[in-house]
Amino acid sequence: MRGGTSAYGLAISLAALAAASLTAVGFSAAAPLLRGTFGLSEVEVGAIASCVYAGAAATSVAGGRFTDRLGPAPVLAVAAGALALGAAVAAVAPARWLFFAGVAAAGLGYGLVNPPTNVLADPGSPRLRGLTMSIKQTGIPLGGILAGLLVPRAAAAVGWRWATAVPIAGCVAVAAVAALGPRDRSTGTGGGAHSHSGRVDSRRPDRPSGQVVAPGDPTDPTDPTGAGGAGYGPAVALRLRLPLALAFGFLMAGVQVAVFTLLAVYLVDDRGSAATASGTALALLLAGGLAGRPAWGWLSDRWQADRGRVLQVCALLSAAFLALLPAAGPGWLPVVLAGIGLCSVGWNGAYLAAVAEAGDLARIGSTTGPALLLVNLGAVVVPPVVGLLSFGGTRWPLAWACCAALSLASGALLQWLRAPAARPLPAGGR
């Protein structure tokens with residue numbers, strides 16, 4: 001990898017997101033069994049994920065600031081430790097209020113995971129940013145796949161409480177590696193991924209401010225044609241208009257988590273699937289997301305002049321597949337689920353790349369922190385609303401139509417929430 005990304009930084013980032021997702025999605029994958037323990041309604045099942053993301057919303061912005069100040073490694077270690085602790089509390093909870101408190105505590109750690117991994121995975125070059133961020137973000141569907149395949153089977157064998165040991169072990173392993181692993185420019189010694197002994201040049205965050213790169217410098221991999229700008233690269237014409245464009249992440253994340261949370265219950269209650277079969281279906285959907293994230297990231301790098309247009313296409317296809325879900329027969333259901341995963345889950349990495357390029361690349365943690373706050377707030381608000389629209393499991397088509405409408409709205413918003421990318425004046429210009 002070029003720029004600030006090391007193989008270790010990308011690997012630990014992917015592992016951390018997989019462990020975090022395994023923890024968060026694991027509760028939803030075990031929802032059919034959790035309902036029996038605590039007597040949860042469909043709305044309360046939707047509130048499981050909302051508790052995770054409510055905790056995450058509380059720490060996302062602070063996580064970005066701490067990452068830029070302390071470096072990503074210590075923040076990542078604390079995040080994984082908090083996830084493990086919260087999951088352990090939920091696993092031993094005798095009452096529903098303590099269970100939800102443990103889930104929310106795990107969410108505090110979840111919110112701290114993304115900012116340091118955004119720094120660790122940033123390649124420095126806009127030609128690679130969408131793909132690299134998306135590869136890193138495949139940890140989310142990867143963890144969800146593991147949750148769908150492992151947690152229901154473990155819960156059926158030993159009970160859902162003991163099955164929680166699976167995500168706890170993953171989080172503890174990540175915390176240990178982050179705390180004890182190597183620390184260099186990309187893993188953090190106190191200044192983030194672009195840390196140096198001197199100040200940072202905002203145009204090239206991987207060089208000290210004393211080393212100025214002139215427009216047109218052929219040695220500058222982030223600006224190979226001399227277009228200049230805060231790392232936008234040679235071809236970027238439009239960027240997201242912040243903070244209003246963060247509404248896209250709010251809506252798409254809400255839809256994504258609603259699908260994560262309610263799919264297993266929908267398949268069991270409305271389609272008569274077994275709990276283990278519903279877990280397999282969730283894994284299939286997330287496999288689509290696993291393929292979709294690097295695919296959309298690669299596409300956004302090819303059309304980096306306007307990553308927002310790529311996000312619009314992704315949102316439109318997401319709406320189409322969600323609208324097809326209630327009508328899909330047994331033969332087409334796997335195709336529709338994979339399509340939902342491809343689009344409703346696959347958007348994230350390309351979106352984070354677009355957000356990073358819309359702000360200051362010398363402070364990626366702080367730039368992406370507010371975006372992650374809105375992502376997590378969407379995950380808090382939307383799933384209970386979708387669960388409520390199912391009317392106790394009797395009107396699932398209305399619930400999925402709501403998800404499709406929100407996806408469509410997110411893409412429509414980006415038509416107005418893009419702006420020309422700022423360019424510096426030529427040398428000697430006015």
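W296 has its side chain within reach of V313: a pair of non-hydrogen atoms, C-beta onward, lies under 4.5 Å apart. Two residues are said to be in side-chain contact when any heavy atoms from C-beta on lie closer than 4.5 Å; V78 and F66 fail this criterion. Contact of the T67 side chain with the L112 side chain is not registered, since no non-hydrogen atoms from C-beta on lie closer than 4.5 Å. The shortest distance between side-chain heavy atoms of I135 and L10 falls below 4.5 Å. Counting heavy atoms from C-beta outward, V310 and R302 have side chains that stay 4.5 Å or more apart. The side-chain heavy atoms of L34 and W160, taken from C-beta on, include a pair separated by under 4.5 Å.
Residues S60 and A56 come closest through the heavy atom pair OG-O, 2.7 Å. Here the closest heavy-atom approach between residue A247 and residue L413 is recorded as CB-CD1, 4.0 Å. Taking every heavy atom of both residues into account, G109 and L83 meet most closely at C-CG, 4.0 Å. Closest non-hydrogen pair, R161 versus V92, comes out as NH1-C, 3.6 Å. Among all heavy-atom pairs drawn from G111 and T59, the shortest one is CA-OG1, 3.3 Å. Heavy atoms only, all atoms of each residue included: I145 and A283 are closest at CG1-O, 3.5 Å.
In this structure, the side chain of N376 does not engage the main chain of Y53 through any donor-acceptor pair within 3.5 Å. In terms of modelled atom types and a separation under 3.5 Å, the side chain of R307 and the main chain of W303 share no donor-acceptor contact. Remark: the backbone N or O of G411 is paired with a side-chain donor or acceptor of Q312 at under 3.5 angstrom. For S134 (side chain) and P294 (main-chain N/O), no donor-acceptor pair under 3.5 Å exists by modelled atom type. A donor-acceptor contact shorter than 3.5 Å links the side chain of S21 to the backbone of I140. Between the side chain of S344 and the backbone N or O of G341, no donor-acceptor pair lies under 3.5 Å. A donor-acceptor pair is defined here as one N or O able to donate and one able to accept, closer than 3.5 Å; such a pair exists between the side chain of R96 and the backbone of F38.
A distance of 8.5 Å separates CD1 in I340 from SG in C403, rounded to the nearest 0.5 Å. Note: T280 OG1 to L267 CG = 10.5 Å, rounded to the nearest 0.5 Å. A distance of 12.5 Å separates CG of L120 from OG1 of T132, quoted to the nearest 0.5 Å. Rounded to the nearest 0.5 angstrom, L290 CG and L284 CG are separated by 11.5 Å. In this structure, OG on S410 lies 9.5 Å from CG on L316, to the nearest 0.5 angstrom. One finds the CG atom of L286 at 12.0 Å from the OG1 atom of T138 (value rounded to the nearest 0.5 Å).
Applying the ring-ring contact (aromatic ring centres under 6.0 Å, His included) rule to F27 yields the partners F99; only residues at least two apart in sequence or on another chain are considered. Remark: Y266 pairs with W396, W400 by the ring-ring contact (aromatic ring centres under 6.0 Å, His included) rule, at least two apart or across chains. Listed by chain and residue number, F248, W347 satisfy the ring-ring contact (aromatic ring centres under 6.0 Å, His included) test with Y351 (two or more places apart in sequence, or in another chain).
When only modelled atom types and interatomic distance are considered, N114 and K136 share a side-chain donor-acceptor pair under 3.5 Å. Side-chain atoms of S300 and R309 include no donor-acceptor pair closer than 3.5 Å. S318 and S407 share a donor-acceptor pair across their side chains, judged by distance under 3.5 Å alone.
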(request) Go through L372 and V61 one step at a time and tell me if the side-chain contact (heavy atoms from CB on, under 4.5 Å) criterion holds. (result) CA-CA 7 Å; L372 295 168; V61 174; over 6 Å; no
(request) With side-chain contact (heavy atoms from CB on, under 4.5 Å) as the test, would you mind laying out the steps for F260 and L285 before giving the verdict? (result) CA-CA 9 Å; F260 283 178; L285 181 144; 4.2 Å; yes
(message) side-chain contact (heavy atoms from CB on, under 4.5 Å) for F250 and L377? Distances and angles first, verdict last.
(response) CA-CA 7 Å; F250 176 90; L377 285 176; 4.0 Å; yes
(request) Go through the steps to decide whether L149 and L282 satisfy the test side-chain contact (heavy atoms from CB on, under 4.5 Å), and finish with yes or no. (result) CA-CA 8 Å; L149 294 177; L282 179 60; over 6 Å; no
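One finds no salt bridge joining R35 and E44 here, because no Lys/Arg side-chain nitrogen approaches an Asp/Glu carboxylate oxygen to under 4.0 Å.
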